[in-house]
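For reference, the structure is listed below as structure tokens.
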Amino acid sequence: MTTISSSEQFTNNLPAPIHATVVEGEARLDCLPRFFGGQCVRVEHGVYTVLERVSDDYSGGRWDFYALSNGGFFMAPHTDAPFRIVCDGNGFDGEVSAVAAGIIATLMALSHLSFVVDDDGLIDQFYLLREYAVSHSEAGAIFRAID
């Protein structure tokens, strides 16, 4: 009989970490339709619009698409420059990486769209991305921004 200590048992029951992978090349072409179906244009436009609204540092440019190992998705500006995010509705004002800015913008866009579009897939995608954001190194800023 094998005995497992409580600390080993706890460690073995932890969920697997969620990983983000940049979607490259031709896979980008069908990436948004794969995750959002007929809502893909609304989601993409919504994310751009949100970041434009909350950050004066955003002025367009190339975006990276990220597929999450839990089935989720987000997009983020392709830059190493930080973004100052200001959310008038909740008082958040802080600087985050481009990846965190993309997570914030994607979560906000999905949240907004879930109230105006009857599509449970948008809600599912919101929660899959939120699950990833919990373990992100900038989780505190992300959750203060979307609160």
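Just so it is clear, the model here is predicted, and its values are computed rather than measured.
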**Report entry** Separation of D57 CG from L51 CG (nearest 0.5 Å)
**Finding:** 9.0 Å
Report task. Taking all non-hydrogen atoms of both residues into account, name the closest pair between L107 and R130 and its distance. Result -> CD2-N, 3.8 Å
Query raised in the report: Is the centre of the F65 ring less than 6.0 Å from the centre of the F35 ring?
Result: no
Query raised in the report: Roughly how far apart are L129 CG and I104 CD1, rounded to 0.5 Å?
Result: 10.5 Å
Query - CG/D30: more than 12 non-hydrogen atoms of other groups inside 6.0 Å - result: yes
Query raised in the report: Going through the distances and angles, do C87 and M108 end up as a side-chain contact (heavy atoms from CB on, under 4.5 Å)?
Result: CA-CA 11 Å; C87 301; M108 288 179 159; 3.6 Å; yes
Query raised in the report: Does R84 CZ have over 12 foreign heavy atoms under 6.0 Å away?
Result: no
Query raised in the report: Does atom NE2 of H112 have more than 12 heavy-atom neighbours, drawn from other residues, nucleotides or ligands, at distances under 6.0 Å?
Result: no
Query raised in the report: Hey, does the Lys NZ or Arg CZ of R144 hover above the aromatic six-ring of F92, less than 6.0 Å from the centre and inside 45° of the axis?
Result: no
Query raised in the report: Is F126 reachable from V116 through a run of I, L, V, M, F, W or Y residues, each pair having side-chain heavy atoms under 4.5 Å apart?
Result: yes
Report task. Answer yes or no: does atom CG of N90 have more than 12 heavy-atom neighbours from other residues, nucleotides or ligands under 6.0 Å? Result -> yes
Query raised in the report: Without hydrogens or angle criteria, can the side chains of Y127 and E131 be said to hold a donor-acceptor pair below 3.5 Å?
Result: no
**Report entry** Heavy-atom closest pair, residues V50 and A105
**Finding:** CG1-CA, 3.7 Å
Query raised in the report: Is a donor on one side and an acceptor on the other found under 3.5 Å between the side chain of T106 and the backbone of I103?
Result: no
Report task. Would you check, one step at a time, whether the test ring pair (Phe, Tyr, Trp, His ring centres under 6.0 Å) holds for Y66 with Y132? Result -> CA-CA 11 Å; Y66 292 85; Y132 171 72; 8.3 Å; no
Query raised in the report: Shared ILVMFWY cluster between L113 and V41, side chains joined below 4.5 angstrom?
Result: no
Report task. For F36 and L110, run side-chain contact (heavy atoms from CB on, under 4.5 Å): C-alpha distance rounded to whole Å, both residues' side-chain angles, the deciding distance at 0.1 Å, then the answer. Result -> CA-CA 10 Å; F36 302 108; L110 289 171; 3.6 Å; yes
Report task. Look at the side chain of Q125 and the backbone N and O of F74, then say whether any donor-acceptor pair between them is shorter than 3.5 Å. Result -> no
Query raised in the report: Are any side-chain N or O atoms of N70 and backbone N or O atoms of I18, one a donor and one an acceptor, separated by less than 3.5 Å?
Result: no
Query - Transitive ILVMFWY side-chain link V43 to L29, under 4.5 Å - result: no
Query raised in the report: Does P82 offer a backbone N or O that forms a donor-acceptor pair with the side chain of S97 under 3.5 Å?
Result: no
**Report entry** Side-chain donor/acceptor of Q39 to backbone N/O of D119, under 3.5 Å
**Finding:** no
Query raised in the report: Rounded to the nearest 0.5 Å, how far apart are OG of S69 and CG of L128?
Result: 10.0 Å
